[in-house]
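One structure is given here, and the rest of the page talks about it.
Chain A is the first sequence line, chain B the second, and so forth, proteins listed ahead of strands; every chain is numbered from 1.
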Amino acid sequence: MNEKCCELLKKVIQKEYHNIRLDDMFYNADEFYYQFKVDEQISEKDFNKLEKEIKKLDSNIYFKLLKISGVYYKGNANNEMITRIVGVAFSNQEELNKYLQFLEEAKERDHRKIGHDLDLFCFSDYVGAGLPLYTPRGTIVKDELQKEMEKLCRKYGFQKVSCPSLADISLFETSGHAGKFNEELFRVESPKGHKFVLKPVQCPHHTQIYASKIRSYKELPIRYMESDKQYRAELPGAVGGLSRVYAITVEDGHSFCRREQVKQEVINMCNLIKDFYTRMGLWDQYWVSLSVRDYNHPEKYIGSKEDWDLCEQILKEVSDELGLKAKKCEGEAALYGPKLDFMFKDALGRDIQIPTVQLDFAMPKRFGLFYIDENGEKQTPVMVHRAVLGSYERFLVLLLEQFKGVLPIWLSPVQVNIIPVSLKYHDDYCKKIQQILRDEDIRVEYDDSKEQMGKKIRHSNLMKNPITIIIGDKEKENNLISYRRLGEEKTDTLNIEEFIKFIKKEINKR
RNA sequence: GCCGACUUAGCGUAAUAGGUAGCGCAACUGACUUGUAAUCAGUAGGUUGGGGGUUCGAUUCCCUCAGUCGGCACCA
């Protein structure tokens with residue numbers, strides 16, 4: 001159907017517009033694309049007309065023109081831009097409706113909408129585009145994720161470190177980042193003559209902690225982790241929502257190990273990733289990219305060909321042994337080495353890269369890192385870079401869109417919301433419950449606004465509070481707590497001690 | 001950065017073929033005190049994103065800057 005519709009669109013465009021200089025079409029199971037260059041301006045406003053013309057040619061085709069945009073001809077930024085129209089076609093109205101409904105629902109679970117509705121993060125024109133501000137509620141989610149992440153990483157042998165946001169430019173010149181990403185560095189100067197760079201990555205800082213002492217082969221692997229902000233001067237057109245920002249909170253980790261340990265180290269990190277995403281209930285709908293060099297342009301990378309060959313081979317072996325079925329993607333490697341990138345989907349089904357494991361033989365050499373081996377000789381360690389959450393920003397995109405804003409109770413900004421049947425008669429008991437739960441370190445809120453109970457319940461549900469407690473005469477007189485879980489009709493009643501036991505058990509669930 | 005669209009009160013929106021703007025939710029005030037998803041009444045809130053231009057007059061037309069969105073390109 002997509003093929004047929006695309007042909008029809010082409011016919012209509014040729015009829016309606018003149019001087020078509022470039023054209024190109026392709027389609028897959030999901031969409032069709034028609035690309036062309038004409039003199040006239042075409043925008044989404046013309047879709048109505050185009051759709052009518054297509055329908056005239058074939059009334060049995062059910063389709064929608066989705067978007068129009070400029071794209072570089074043949075995907076090369078040196079070429080001129082041409083117009084692309086994207087559409088989708090079905091053989092009956094029902095399927096089309098289903099698809100349109102999916103688009104509507106996707107709007108509802110857009111992380112930007114959820115982030116706003118649930119009061120998790122915001123932006124300010126004063127602060128600047130691409131600089132997200134986490135609200136108190138959003139900060140709870142972020143901090144809880146960090147705690148969980150670090151707890152798990154400690155099991156895998158990581159030690160937390162903490163580095164400044166600034167560094168002398170020479171750090172990044174040595175690492176190679178300044179050479180490749182010169183245009184993307186934020187430079188910071190002072191009237192006193194300081195010349196710094198805001199760190200765009202944490203790995204060079206971590207190498208210097210490694211280098212602060214003489215290391216023995218017995219100590220390796222040494223694994224550092226740090227969740228901190230990095231700053232990258234992205235192109236303005238790339239920035240949007242939490243998917244791509246200038247200030248990015250990266251959950252970064254590096255392992256310094258011996259060559260013989262590399263493969264096991266990569267396996268450990270992949271297991272760590274699997275472990276975390278399984279706990280989060282997100283270990284599905286992913287695919288893995290074996291991101292290798294652009295073989296035609298070796299000058300884009302640092303390090304020797306032999307090292308690269310070996311690195312790519314190791315990652316391939318790990319992929320095979322762990323059954324990751326990694327798809328080889330040329331030109332997707334990092335500056336210093338190939339990667340295994342774990343790709344997930346956003347609300348609209350677009351790929352987002354989140355966790356990653358990267359091999360790096362180059363940077364330790366450039367920094368002259370070494371350890372003393374069994375024979376008392378200096379050896380260069382290998383670095384394995386890894387991100388599990390990736391960045392907190394991008395992880396939140398995945399989390400909010402996959403869960404439609406319904407967070408597990410351990411992550412929820414408010415875990416328990418208390419609503420009185422009557423503020424007049426139940427206020428004291430509600431306050432008492434609130435204090436007891438607070439003392440138990442449960443994130444509890446008490447809605448003592450002068451609203452109707454029904455409205456408070458609705459609000460509590462809209463804010464996706466996992467547990468809503470209702471307190472009335474029955475509870476007050478018998479020292480009980482009645483509660484409902486989000487989305488359930490069933491009400492349970494427990495005494496206070498039982499409730500605390502219950503809620504703690506719920507919070508500990510992963 | 002490139003192509004295109006958009007920007008009206010905290011949020012969601014309506015309107016003007018050029019004559020300074022309505023509504024809903026939220027907020028505030030008052031009444032009501034309710035047993036599981038929106039009580040009633042009232043009040044306040046806008047230099048229609050910023051700047052410039054055309055015009056007797058611009059929220060509407062033009063330019064420009066910023067921001068947002070969809071793509072492209074980029075992504076350590």
Side-chain angles (χ1 to χ4, degrees), chain A residues 33 35 37 41-46 66-86 107 110 112-113 116-117 119 122-126 128-130 172 175-181 183-185 199-204 230 232-241 243-244 248 250 252 291 300-302 332-337 339 341 348 350 353 356 358 360 363 385 387 394 419-427 449-462 468-475 482-484 486-491:
Chain A
Y33 303 77
Q35 303 184 166
K37 175 94 186 171
Q41 286 248 334
I42 306 180
S43 78
E44 226 165 284
K45 290 170 184 164
D46 301 307
L66 297 172
K67 48 203 167 195
I68 185 161
S69 56
V71 299
Y72 291 111
Y73 186 57
K74 301 287 179 201
N76 185 337
N78 297 320
N79 290 342
E80 68 176 314
M81 274 210 148
I82 63 175
T83 304
R84 168 192 286 181
I85 293 180
V86 184
K107 257 188 234 167
D110 186 314
R112 290 167 295 202
K113 176 165 164 51
H116 174 264
D117 291 350
D119 190 18
C122 60
F123 291 90
S124 151
D125 286 354
Y126 278 115
F172 300 108
S175 71
H177 291 95
K180 174 149 183 180
F181 298 107
E183 300 291 308
E184 282 76 40
L185 296 180
K199 64 179 173 190
V201 285
Q202 346 252 35
C203 29
Q230 302 176 167
R232 298 178 181 182
E234 305 279 1
L235 284 166
V239 165
S243 309
R244 191 86 82 87
I248 171 175
V250 176
D252 209 354
S291 302
K300 293 202 283 195
Y301 308 97
I302 59 173
E332 296 293 319
L335 164 73
Y336 41 71
K339 325 181 268 177
D341 291 320
L348 283 167
R350 296 175 295 200
Q353 183 244 306
T356 181
Q358 313 178 350
D360 181 1
M363 213 183 292
H385 306 237
R394 222 176 250 187
I419 295 174
V421 170
S422 160
L423 195 56
K424 192 169 166 188
Y425 298 114
H426 310 123
D427 187 48
S449 61
K450 286 161 93 182
E451 292 292 346
Q452 269 204 328
M453 185 179 77
K455 190 166 187 175
K456 291 185 186 184
I457 288 165
R458 179 180 151 80
H459 183 250
S460 187
N461 290 333
L462 288 176
T468 299
I469 290 179
I470 303 288
I471 297 298
D473 287 341
K474 191 181 89 191
E475 288 76 15
S482 293
Y483 67 91
R484 266 195 196 180
L486 179 61
E488 286 185 13
E489 300 267 307
K490 187 171 65 96
T491 305

Among B/G70, B/A76, B/U36, the one nearest A/S69 by side-chain distance: B/G70
Touch class at under 4.0 angstrom, heavy-atom based, for A/A334 against every strand present: sugar-phosphate
Whole-Å gap separating C1' (B/U34) and CD (A/E451): 13 Å
Mate of B/G67 where both pairing distances stay under 3.5 Å, Watson-Crick or G-U: B/C6
Length of the CD-C1' vector between A/Q358 and B/A76, whole Å: 7 Å
Interatomic distance at P, B/G1 relative to B/C62, whole Å: 23 Å
Between B/A17 and B/C40 - P atom distance, rounded Å: 36 Å
Watson-Crick or G-U wobble partner of B/U39, both distances under 3.5 Å: B/A31
Short side-chain donor-acceptor distance under 3.5 Å, A/E451 and A/S449: no
Span that lies between the P atom of B/A21 and that of B/A9, in whole angstrom: 15 Å
Touch class at under 4.0 angstrom, heavy-atom based, for A/D473 against every strand present: base
For B/A15, the Watson-Crick or wobble counterpart (both distances under 3.5 Å): none
Touch class at under 4.0 angstrom, heavy-atom based, for A/E475 against every strand present: base
Side-chain donor/acceptor of A/Y126 to base of B/G67, under 3.5 Å: no
Donor-acceptor side-chain pairing of A/D360 and A/H385 below 3.5 angstrom: yes
For B/G1, the Watson-Crick or wobble partner whose two distances fall under 3.5 Å: B/C72
side-chain N/O A/R350 vs B/C72 OP1/OP2, d < 4.0 Å: no
Touch class at under 4.0 angstrom, heavy-atom based, for A/Q41 against every strand present: sugar-phosphate
Basic-acidic side-chain contact under 4.0 Å: A/K339, A/E332: no
Sugar-phosphate only, base, or nothing, as touched by A/D125 at under 4.0 Å among non-hydrogen atoms: sugar-phosphate
Distance, rounded to the nearest Å, where A/H116 contributes NE2 and B/C69 contributes C1': 16 Å
Any A/K455 side-chain N or O less than 4.0 Å from OP1/OP2 of B/C25: no
Watson-Crick or G-U counterpart of B/A26, or none if no pair lies under 3.5 Å: none
C1' spacing across the pair B/U48 / B/C61, given as an integer number of angstrom: 15 Å
A/V201 side chain, from C-beta outward: closest of B/C72, B/A76, B/U36: B/A76
Base B/C74 to side chain A/R232, donor-acceptor N/O within 3.5 Å cut-off: no
Any A/K180 side-chain nitrogen or oxygen under 4.0 Å from OP1 or OP2 of B/A76: no
Ring-base stacking, A/Y336 with B/A76 (5.5 Å, 30° cut-offs): no
Any A/R112 side-chain nitrogen or oxygen under 4.0 Å from OP1 or OP2 of B/C69: yes
Integer angstrom distance from the P of B/C63 to that of B/G4: 12 Å
Atom-pair distance (NZ on A/K456; P on B/U33), nearest Å: 14 Å
A/K199 side chain vs A/P204 backbone, donor-acceptor pair below 3.5 Å: no
Touch class at under 4.0 angstrom, heavy-atom based, for A/S175 against every strand present: nothing
Test: A/E234 and A/R244 ion pair at under 4.0 Å: yes
Ring geometry between A/Y336 and A/H177 (parallel below 30°, tilted from 30 to 60°, perpendicular above 60°): perpendicular
Backbone of A/I457 reached by a side-chain donor or acceptor of A/S460 within 3.5 Å: no
Phosphate OP1/OP2 of B/C75 contacted by A/K339 side-chain N/O (<4.0 Å): no
Touch class at under 4.0 angstrom, heavy-atom based, for A/G472 against every strand present: base
Sugar-phosphate, base or nothing in reach of A/E44, heavy atoms under 4.0 Å: nothing
Integer-rounded Å distance: B/G70 P and A/D110 CG: 7 Å
